[in-house]
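A short worksheet on the structure shown next.
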Amino acid sequence: MDDLSGFPLKIVGENSPMVSFKRVRKAYGSLVVLDDLDLDVAAGEMVSVIGPSGSGKTTVLRMLMTLEKINGGVIYVDGKPLTHMAQGDKLVPASEKHLRARRSDIGMCFQHFNLFPHMTAIQNCMEGPVQVLGLSKGEARDRGEELLELVGMADKKDQHPSRLSGGQQQRVAIARALAMRPKVMLFDEVTSALDPEVIGEVTNVIRKLVSEHNLTMLMVTHQMGFARDISDRVCFFYGGKIEEQGPPAELFGNPRRERTQQFLSAVKEAV
Amino acid sequence: MSLFEFLSQYWPLLMSGTGVTVAQFLLGAILTVGLALVFGLMKMSSNRAIKGSAVVYIEIFRGTSLLVQLYWIFFVLPLFGVTLEKFTAGWVAIGLNAGAYGAELVRGGIMAVPKGQWEAATAINMSAARRMWRIILPQALVNMLPAWGNLMVEILKGTALVSLISVADLMFQAKQINASTYLSAQIFGTALVIYYILARFLLTPFMRWLEGFMARKLGRA
Ligand SMILES: Nc1ncnc2c1ncn2[C@@H]1O[C@H](COP(=O)(O)OP(=O)(O)OP(=O)(O)O)[C@@H](O)[C@H]1O
Ligand SMILES: [Mg+2]
């Protein structure tokens, strides 16, 4: 394990970021996927992540969701270490207990929805609140119905996922994640598996979250137009690093780095 | 003696034997399910000692014959101070044997659940135990039910071996009647039919119903 003495036990201060990657490294064998990544996301900020296939976009979200362990550096959420915990005045890798205590701050939606097939839409939304947060069934049902209403799925709440279209499943998946009341929401290409005509129903839900809720969001997407519309900031990933980032108008309108220009023109041609 | 006379005379014995067979089957099957679950999960553990003991159990009970295991449990274990009554020895041997096969079914069923289900359950911060119990196992169960149907039929057929340690099951009664009447064709024919009815008209339809029931619960039907 590398030396963590340079990393703070806490990030304090008025404008401390909601999410902070500090020199985060992830490798699979000799393949380095995230290379000393530094990335801060402010509270309430919507950050889009774009970049070529294999550049490490999904990996960033998976590390933050603690689905896998990082090989170096520290990730902080809400000022406190997520991937590590303080032991005395040192940081040590997080125990499962620490992860479980901290993970509730983060929610994630997946490209292939991953709804629980043996549960109806409302049961999917109630599972976490009842089993993890300890809400009563009644409270969890109220919360779930409210969120299904928000994503426009109230009328299908008693359907199993197999009876729902992809767009409908993804909206239920968003409600399921929101039911945990996370501070940070992660979206990994949530429209990539959808038929073109239903993409809008999912992006509209995300738009609504951006405009009406004070969530911190990190969104991996291949929909450049959508990213441009709703992001506060866009990060272009290349080879496990942020090659260029900035406000969408700047990054899309006037990309400075050559790789960004190449990527954006390649994407434009593909459309 | 007509078949009718024969049946009416020996019917009570045959029925009592059938009752014992069904009891051996049910107890053996319950033990099988429990052991399969425990050892199937243990075999997936990352702890080497836990995994190792599951491998040893599965290897021993799959790699040797049920009859030898039955004799061990009934005749040899008493030498080590563990004496089981023959009825108990019967279904315990059946459960231990079939449990080793069931453990592999459990493991296979769990591994067939898509990775995304584990991740989605983790993303809503479920504990490992709840994730397994509430998300993974119900789906694994549906994956493995068809194979369990076959195993259950094997368990039922396997119960006939307990007659060899004098448990008074259907096979035992049939042999007794045969010894006193020499009506081999009638008596073993009748036993055959009863086993067939148990397997094909009770057990198999029940398992089919269970498959359908679980599929409906998953909203797949
Ligand atoms: N479990 C794994 N084992 C080995 N290599 C992996 C694993 N997961 C990801 N990788 C590799 O890590 C690199 C980054 O993967 P990642 O999924 O983060 O890319 P991405 O930017 O999301 O790409 P895409 O746009 O195709 O989704 C890829 O080269 C991928 O092959
Ligand atoms: Mg990806």
- Note on the structure: Contact list (residues 164-171 of chain A to chain B, heavy-atom gap under 4.5 Å, by number) returns none
- What residues of residues 126-134 of chain A sit under 4.5 Å from chain B when you count only heavy atoms? A:E127, A:G128, A:Q131, A:V132
- Message: Can you confirm whether more than 12 heavy atoms, excluding those of A:R207, are under 6.0 Å from its CZ atom?
- Response: yes
- Message: Please check if the number of heavy atoms outside B:F80 that lie under 6.0 Å from its CZ is greater than 12.
- Response: no
- Name the region of B:A121, side chain, backbone, both or neither, that has any atom closer than 4.5 Å to a heavy atom of chain A. both
- Item | Contacts of residues 103-111 of chain B with chain A (heavy atom under 4.5 Å) | none
When the side chains of residues 104-115 of chain A are checked against the rest of the protein, which donor-acceptor pairs come out under 3.5 Å, sequence neighbours left out?
from   : atom 1 : to     : atom 2 : distance (Å)
A:S104 : OG     : B:N125 : ND2    : 2.7
A:D105 : OD2    : A:R102 : NH2    : 3.3
A:N114 : ND2    : B:G116 : O      : 3.2

- Got A:H118 and B:M214 here, is their nearest side-chain heavy-atom distance under 4.5 Å? no
- Item | B:A120 to A:F116 - nearest heavy-atom pair and separation | CB-CE2, 3.9 Å
- With a 4.5 Å heavy-atom cut-off, do A:R103 and B:I124 have their side chains touching? no
- Distance, nearest 0.5 Å, that separates CE of A:M65 from CD of B:E119: 10.5 Å
- Flag if over 12 foreign heavy atoms under 6.0 Å of CD, A:E149: no
